[in-house]
2 protein chains.
Amino acid sequence: MTNQKQIAQKLGISIATVSNALTGKGRVSANVIEQVLAHAKQMAYVPDAAGRALKTGRTGIIGLVIPDITQPVFPDFAEGIEAAADEYGYGVLIGNSRRMKDNQAKTINQLIQRGVDGLIIVPQRGTKIQALNVPFAVISTATDPSFTVVANHKQGGQLSAKSMLDIGHRKFVILGDDCHSPVENERIAGMVEELENVASYEVFWAQDEFPDLLAQHKQGVTAVLTVSDLLALRVITESSNLGLRCPKDLSVLGFDNLPLATAVRPTLTSIVPNTAELSKRSIEYLDAAIRRNVQLPPPSIVNMSIEFRESTAALTAKI
Amino acid sequence: MTNQKQIAQKLGISIATVSNALTGKGRVSANVIEQVLAHAKQMAYVPDAAGRALKTGRTGIIGLVIPDITQPVFPDFAEGIEAAADEYGYGVLIGNSRRMKDNQAKTINQLIQRGVDGLIIVPQRGTKIQALNVPFAVISTATDPSFTVVANHKQGGQLSAKSMLDIGHRKFVILGDDCHSPVENERIAGMVEELENVASYEVFWAQDEFPDLLAQHKQGVTAVLTVSDLLALRVITESSNLGLRCPKDLSVLGFDNLPLATAVRPTLTSIVPNTAELSKRSIEYLDAAIRRNVQLPPPSIVNMSIEFRESTAALTAKI
DNA sequence: ATAGACTGATTAAACGATTAATCAAATAGT
DNA sequence: ACTATTTGATTAATCGTTTAATCAGTCTAT
């Protein structure tokens, strides 16, 4: 591995000058800069990360702490964070707690030991992030008061309901999976708020009781709002087994806009959380914190949008 | 941040002794070791990664280069690699080329610049990894001669076909998506090899022509072997729309054992690539290479297994 | 012509940890 | 009792880069 010393020796100049030429700081003649750059390229010089980090106190690496990369949505996060970090000149070290709750603290400590400049943390459900001795940003749910950036799950739920109201639906089934999940509860709260006093609905939790879709349809239900694409998929396949057609008999909405949403027939209409924006704001915040900027961006809330596909249809034929 | 110097001063001893006490090297009295350890803990000492890396030449970080973390299967990889790396004391820096082919080389260079000790590379389809100046392992397909570790896609295909032969099926549809994918071709080659001379089959590529499942079923086809869970899902939903029941009329096999395999009704029987084992072997190899062990483990091939679920059934009722 | 300003480069210290070389004191061996 | 050996600790160098302080010239202005 070539270092600045070797370049300096070859050109008969000092190491400091080489460093200055390479970084563009200090005072160096145009002539020398050119020579240094040429030799650096020719000798395949790559600045040593450790040496630089030791002197500057910055590694240029941030840690991303997530509960489970295996779970859909998190890869999207990882990608978004990685992309945003890249833009700001950071690399991303992943810390995956792998579904083990007690692992989160350990993961965080490991990342700190590895010298990260800061952390982006998506906390395990129901955990609290205590103060750390590195800057960090928390991506969480609105119910967590310590968040830095959150996705607006409630608004997503509202959007889900509103979109179906707009095209004529009036009788709904709302389907969650796990009634202890804050995310799911926020989404459903949004749906309920939107439908209240305007339409009729019933809420089910799949983990406890999967609704009898045929019976519901007989009673006039025309749309099922779910809290995830996986659930929506299950609704479609189950109802199809019962002889119900989607979207003719039943419009079904998903959430999260996973890759499978476009792989299924009918393709899934889904609420899309803007992970790219979420990631961008998190990195923006973290970068400011790392650089000790006085003015940190305030906590921000990112709204969701909707992607209409084949699994939903307007309620006109029924009239 | 506390460093060894501060501990040394507080105890009135030299920095070298502190270092020796902490690392267990050199000669230090039990008494002093105890004191140093106690103070280190009390002062919340964390060894500085940069300082250590600079001196030892090792960062303890490896880079994982993947084409697209958004695509199913890759998160499983990321998790497997992270877990295995953790076991060997490494952290994982992710490098996601984000589907941009020309990004791969850039990603690799960035990781090298960040001082990784080695790389695990899952190459973009059809790319070649030229020699690098860090140790690396390549996880690829069997057709790529430079691989270090590969999943045995062909055997997976064979397993898929054999499992259905075993339970009485004799007339098959084999369904791929993209006829240019080496992975898919290997899987299908395995299926074909197993069925040749023993059963009848027809191969379709969904991107070109999706089979008429109703017609196929009329002609006696009872099982559809696909190269991915997404395709299997599509087969199930499409056939359901045609009035075919799964698995009563049609057994459907997926591939990769994605999360959605258990979210769908019927749940999907799927071929599962052993990503944990794949990851373990890759890290094992890379660690040996990094430590410049003379005997590198030979390239290895990891077999797949099958997970039976609701989408397949024995062909007994038909007799 | 001379003081002052500017230019281009060098010196040397520093970051934090590791480690070979060294040294003093204590212990063991004959 | 005197030499070896062992033990416990220190010194000083080193990894590669950055950067404040310094210095020797050159140029400008009066």
Side-chain angles (χ1 to χ4, degrees), chain A residues 1-37 39-40 43-61 89 112-117 133-134 290-291, chain B residues 1-37 39-41 43-61 89 91 112-117 133-134 290-291:
Chain A
M1 292 265 89
T2 22
N3 53 21
Q4 295 185 357
K5 191 176 181 184
Q6 294 170 14
I7 298 179
Q9 283 179 340
K10 189 149 249 167
L11 287 173
I13 60 180
S14 76
I15 301 177
T17 302
V18 173
S19 175
N20 281 332
L22 289 170
T23 58
K25 299 180 178 178
R27 287 193 290 246
V28 192
S29 66
N31 179 16
V32 171
I33 290 185
E34 199 184 337
Q35 289 217 332
V36 170
L37 259 40
H39 275 73
M43 297 167 76
Y45 168 74
V46 177
D48 182 88
R52 176 175 287 172
L54 180 56
K55 177 65 189 178
T56 62
R58 298 263 309 271
T59 56
I61 293 179
I112 292 178
Q113 287 209 354
R114 293 231 141 79
V116 296
D117 289 341
N133 47 8
V134 297
I290 289 173
R291 305 241 292 273
Chain B
M1 293 263 87
T2 23
N3 53 23
Q4 296 186 353
K5 192 178 182 181
Q6 294 170 16
I7 297 179
Q9 283 179 342
K10 188 148 253 170
L11 287 173
I13 59 180
S14 74
I15 301 177
T17 302
V18 173
S19 175
N20 282 331
L22 289 169
T23 58
K25 300 181 178 178
R27 286 193 289 248
V28 193
S29 67
N31 180 18
V32 172
I33 290 185
E34 200 183 335
Q35 290 216 333
V36 169
L37 258 40
H39 275 73
K41 173 166 255 178
M43 298 168 75
Y45 168 74
V46 176
D48 182 88
R52 177 175 284 173
L54 180 55
K55 177 63 188 182
T56 63
R58 298 265 307 272
T59 55
I61 293 178
I112 291 178
Q113 287 208 355
R114 294 227 140 81
V116 297
D117 289 341
N133 46 8
V134 296
I290 289 173
R291 306 241 291 275

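All values below were derived from every heavy atom in this structure, side-chain atoms included, with hydrogens, water molecules and symmetry-related copies excluded. The chains referred to below are lettered A, B, ... by the order of the sequence lines, with proteins before strands, and numbering in each begins at 1.
- Here B:Ser19 does not reach the OP1 or OP2 of C:dA17: none of its side-chain N or O atoms lies under 4.0 Å away.
- Taking for each of B:Pro47 and B:Arg27 the nucleotide of DNA chain C with the nearest heavy atom, the 5'-most of the two is the partner of B:Pro47.
- Nucleic acid contact for B:Leu22: none, since no nucleic acid atom lies under 4.0 Å from a heavy atom of the residue.
- A straight line from CD1 of A:Ile13 to P of C:dT7 spans 20 Å, rounded to a whole angstrom.
- Remark: side-chain polar atoms of A:Asn20 are not paired, donor with acceptor, to backbone N or O of A:Val28 under 3.5 angstrom.
- The 5' end of DNA chain D is approached more closely, in terms of each residue's nearest nucleotide, by B:Ala16 than by the other of B:Thr56 and B:Ala16.
- Under 4.0 angstrom from either OP1 or OP2 of C:dA9 there lies no side-chain N or O belonging to A:Ser14.
- When the P atom of C:dA17 is taken as reference, atom CD of A:Gln113 falls 12 Å away, rounded to whole Å.
- Within the 4.0 angstrom heavy-atom criterion, only backbone atoms of the sugar-phosphate kind lie near A:Lys25; the bases stay farther away.
- Looking at which nucleotide of DNA chain D each of A:Ala50 and B:Val28 is closest to, the 5′-most match is held by B:Val28.
- In this structure, the side chains of A:Ile290 and A:Arg58 come closer than 4.5 Å at one or more pairs of heavy atoms.
- Between the CG atom of B:Leu54 and the C1' atom of D:dA13 there is a distance of 13 Å, rounded to whole Å.
- Residue-level contact check: B:Val32 touches the backbone only, with heavy atoms under 4.0 Å from sugar-phosphate atoms and none from bases.
- When all heavy atoms of B:Leu54 and A:Ala50 are compared, the closest pair comes out as N-CB, 3.6 Å.
- Contact check for A:Thr17 versus A:Ser14: side-chain heavy atoms found under the 4.5 Å cut-off.
- Atom pair B:Ile7:CD1 and C:dG16:P shows a separation of 13 Å (rounding to whole Å applied).
- OP1 or OP2 of D:dT18 has at least one side-chain nitrogen or oxygen of A:Gln4 nearer than 4.0 Å.
- OP1 or OP2 of D:dA9 sits under 4.0 Å from a side-chain N or O of B:Ser29.
- Between the CD1 atom of B:Ile15 and the C1' atom of D:dA13 there is a distance of 13 Å, given to the nearest Å.
- Counting to the nearest Å, the P atom of C:dG8 and the CD atom of A:Gln35 are 15 Å from each other.
- Between B:Lys55 and C:dG16, a side-chain N or O to OP1/OP2 separation shorter than 4.0 Å is absent.
- Atom CZ in B:Arg58 sits about 23 Å away from atom P in D:dT14, given to the nearest Å.
- Whole-Å rounding puts the A:Asp48 CG to C:dC15 P distance at 18 Å.
- In this structure, a donor-acceptor pair under 3.5 Å is present between the side chains of A:Tyr45 and A:Gln4.
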